[in-house]
There are 2 protein chains.
Amino acid sequence: MTWTDTTLSRLRETTGRSGGARRLVVELLGRQDCCLSAQEIHDSLRDAGGRVGTASVYRALDGMDELGLVQRVDLGDGVARYEPVHDEGHHHHHLVCDDCGKVEPFEDPGLESAIERVAGGRGYSVAAHDVVLRGACEDCRQHRD
Amino acid sequence: MTWTDTTLSRLRETTGRSGGARRLVVELLGRQDCCLSAQEIHDSLRDAGGRVGTASVYRALDGMDELGLVQRVDLGDGVARYEPVHDEGHHHHHLVCDDCGKVEPFEDPGLESAIERVAGGRGYSVAAHDVVLRGACEDCRQHRD
DNA sequence: ATGATAATGATAGCCGTTCTCAAAGACGTG
DNA sequence: CACGTCTTTGAGAACGGCTATCATTATCAT
């Protein structure tokens, strides 16, 4: 069962209907392994010949976000990005290079457990957490010298 | 030496000049211990009778951010917030309640060292990192039951 | 097939942020 | 202190991402 299939059926059973635009968005996202902005999704679908409206892209993303099928990623540049949640409870975070803009995913169990420890110690029930590390990637550090 | 004074003199030695708007922004921020949005700063200064322009607030914040005197905080709602960096290398992160919108600062050495371990292991030189935990605060959890 | 109803997409609107530019203010100099 | 230069300032326009609106289209149960 691929993420694309799971997602389509989860969406369908939630809303009762299924439409073409939403399916296109899901199928495109299913082919990614890191985040994509709504604009990028929209452009990509248009380039492929689809007649998809901006609003439909945002609606699809919003719906998936509420169901936890997609993770909203905020890298601080004023653009929301989204990526498929392939495995529940097994997500990743992002390293962003300030020089070249490259975005790399990473995951780290030590970081996860540190976060859980913080939340638990403060009576918080944490539904989501974002970690963004910003700096210079290895390539850019070498070029700079 | 207060943060306000340090910041004003650092700004002055960087740009060579000093203006009234920037000073008002710095003085207001110096009185805060958690983050404030540009709008909030702008409104607050206007309410106090100052004739401060939007652009000046953003310019001041931008300048301080570049000098590391202020930390840009992105809580994912499309609004940039800023808070004074009182002590270099000793910053905090944020817990955001999805129900009531409350923002609480926290700091945790375990989390910091986990982050450093991740960055080091990937050849990244990390200049900044943001951690945002979202969930339900203690008050809202009790009310909900 | 048909009708009720949800999804869609073009477009207008909203809001935070940035840009523009003329006016005002700050500093070094005479 | 007065002057000239150069930066800062502030009003408003412009911009970009996102949301709202609403007529049209598509879906599904019957």
Side-chain angles (χ1 to χ4, degrees), chain A residues 7-29 35-67 69-70 72-82 101, chain B residues 7-28 35-67 69-70 72-82 101 103:
Chain A
T7 300
L8 283 175
S9 65
R10 282 288 305 281
L11 285 173
R12 186 178 183 152
E13 69 193 38
T14 304
T15 64
R17 294 276 173 94
S18 83
R22 200 165 62 185
R23 189 168 42 74
L24 287 177
V25 173
V26 173
E27 286 171 354
L28 175 60
L29 263 184
C35 49
L36 230 51
S37 73
Q39 292 284 353
E40 289 168 334
I41 293 171
H42 185 239
D43 292 349
S44 181
L45 293 179
R46 293 293 263 242
D47 290 351
R51 229 164 286 280
V52 184
T54 324
S56 297
V57 174
Y58 283 103
R59 269 187 298 246
L61 293 170
D62 226 51
M64 289 187 267
D65 191 27
E66 273 169 33
L67 290 174
L69 298 163
V70 118
R72 196 176 177 284
V73 178
D74 199 324
L75 302 182
D77 60 350
V79 182
R81 278 157 239 262
Y82 296 84
Chain B
T7 300
L8 283 175
S9 65
R10 282 288 304 281
L11 284 174
R12 186 177 182 152
E13 68 192 38
T14 304
T15 63
R17 296 275 170 94
S18 82
R22 200 164 63 184
R23 190 167 41 74
L24 286 177
V25 172
V26 174
E27 284 171 355
L28 175 60
C35 48
L36 231 52
S37 73
Q39 292 283 354
E40 288 168 334
I41 293 171
H42 185 239
D43 292 348
S44 181
L45 294 179
R46 294 293 263 241
D47 290 352
R51 227 164 287 282
V52 185
T54 324
S56 298
V57 174
Y58 282 103
R59 270 187 296 246
L61 293 171
D62 226 51
M64 289 187 267
D65 191 26
E66 273 169 33
L67 290 173
L69 298 163
V70 119
R72 196 175 178 284
V73 177
D74 199 324
L75 301 182
D77 60 350
V79 182
R81 278 157 237 264
Y82 297 84
V103 178

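A note on names: the letters A, B, ... follow the listed sequences, proteins ahead of strands, and every chain is numbered from 1. Reckoned from all heavy atoms, side chains included, excluding hydrogens, waters and symmetry mates.
Residue B:Ala55 is in base contact, counting any heavy-atom pair closer than 4.0 Å across all strands shown. Within 4.0 Å of B:Ser37, counting heavy atoms only, lies no atom of the nucleic acid at all. Counting non-hydrogen atoms under 4.0 angstrom, B:Arg22 reaches the backbone sugars and phosphates but no base. When heavy atoms are screened at a 4.0 angstrom cut-off, B:Arg46 is found touching the sugar-phosphate backbone but no base atom.
Between B:Tyr58 and B:Asp62, every side-chain heavy-atom pair lies at or beyond the 4.5 Å cut-off. The shortest side-chain heavy-atom distance between B:Thr7 and B:Val70 does not fall under the 4.5 Å cut-off. Within the 4.5 Å cutoff, no side-chain heavy atoms of B:Glu66 are placed close to those of B:Thr14. Looking at A:Leu24 and A:Glu27, their side chains come closer than 4.5 Å, going by heavy atoms from C-beta outward. Within the 4.5 Å cutoff, no side-chain heavy atoms of B:Arg59 are placed close to those of B:Val25.
Distance OH (A:Tyr58) to P (D:dG17): 7 Å, rounded to an integer number of Å. Distance CZ (A:Arg72) to C1' (D:dT19): 13 Å, rounded to an integer number of Å. What separates CG of B:Asp74 from C1' of C:dT17 is a distance of 13 Å, to the nearest Å. A straight line from CZ of A:Arg51 to P of D:dT24 spans 18 Å, rounded to a whole angstrom. Remark: P of C:dT17 and CG of B:Asp65 are 13 Å apart, rounded to the nearest angstrom. Here D:dG10 presents its C1' atom at 16 Å from CG of B:Leu61, a figure rounded to the nearest Å. If you measure from atom CZ of B:Arg23 to atom C1' of D:dT8, you get 13 Å, rounded to the nearest angstrom. If you take CE of A:Met64 and P of C:dA7, they are 13 Å apart, rounded to a whole angstrom.
Between B:Thr54 and A:His42, the one whose closest nucleotide on DNA chain C sits nearer the 5' end is A:His42.
Within the structure, a side-chain polar atom (N or O) of A:Gln39 is placed less than 4.0 Å from OP1 or OP2 of D:dG17. For the OP1/OP2 pair of D:dG10 and a distance below 4.0 Å, the side-chain nitrogens and oxygens of B:Ser56 include at least one atom meeting the criterion. Residue B:Thr15 has a polar side-chain atom (N or O) positioned under 4.0 Å from OP1 or OP2 of D:dT8.
Of all heavy-atom pairs spanning B:Val73 and B:Leu75, the tightest one is CG1-CD2, 3.6 Å. Closest of all the heavy-atom pairs between B:Arg17 and B:Arg22 is O-NH2, 2.7 Å. Here the shortest heavy-atom pairing between B:Gly76 and A:Arg72 reads O-NH1, 3.5 Å.
Between atom CZ of residue B:Arg81 and atom CG of residue B:Leu61 there is a gap of 13.0 Å, rounded to the nearest 0.5 Å.
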Exercise. Heavy atoms under 4.0 Å is the rule here; annotate nucleotides 24-30 of chain C 5' to 3' with B where the base is hit, S where only the sugar-phosphate is, and - elsewhere.
Key: -BBS---

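Computed from C1' positions of five pairs at each end, the angle between the two local axes of the helix from C:dA1-D:dT30 to C:dG30-D:dC1 equals 30°, rounded to 10 degrees.
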Ignoring hydrogens and angles, write down the donor-acceptor pairs under 3.5 Å from the side chains of residues 39-53 of chain B, residues two or more places apart or on other chains.
{"from": "B:Glu40", "atom 1": "OE1", "to": "B:Ser37", "atom 2": "N", "distance (Å)": "2.8"}
{"from": "B:Glu40", "atom 1": "OE1", "to": "B:Ser37", "atom 2": "OG", "distance (Å)": "3.4"}
{"from": "B:His42", "atom 1": "NE2", "to": "B:Arg46", "atom 2": "NH1", "distance (Å)": "3.4"}
{"from": "B:His42", "atom 1": "NE2", "to": "B:Val52", "atom 2": "O", "distance (Å)": "3.0"}
{"from": "B:Arg46", "atom 1": "NH1", "to": "B:Val52", "atom 2": "O", "distance (Å)": "2.4"}

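Relative to the side chain of A:Arg59, the nucleotides C:dG9, D:dG10, C:dT17 differ in distance, and C:dG9 lies closest.
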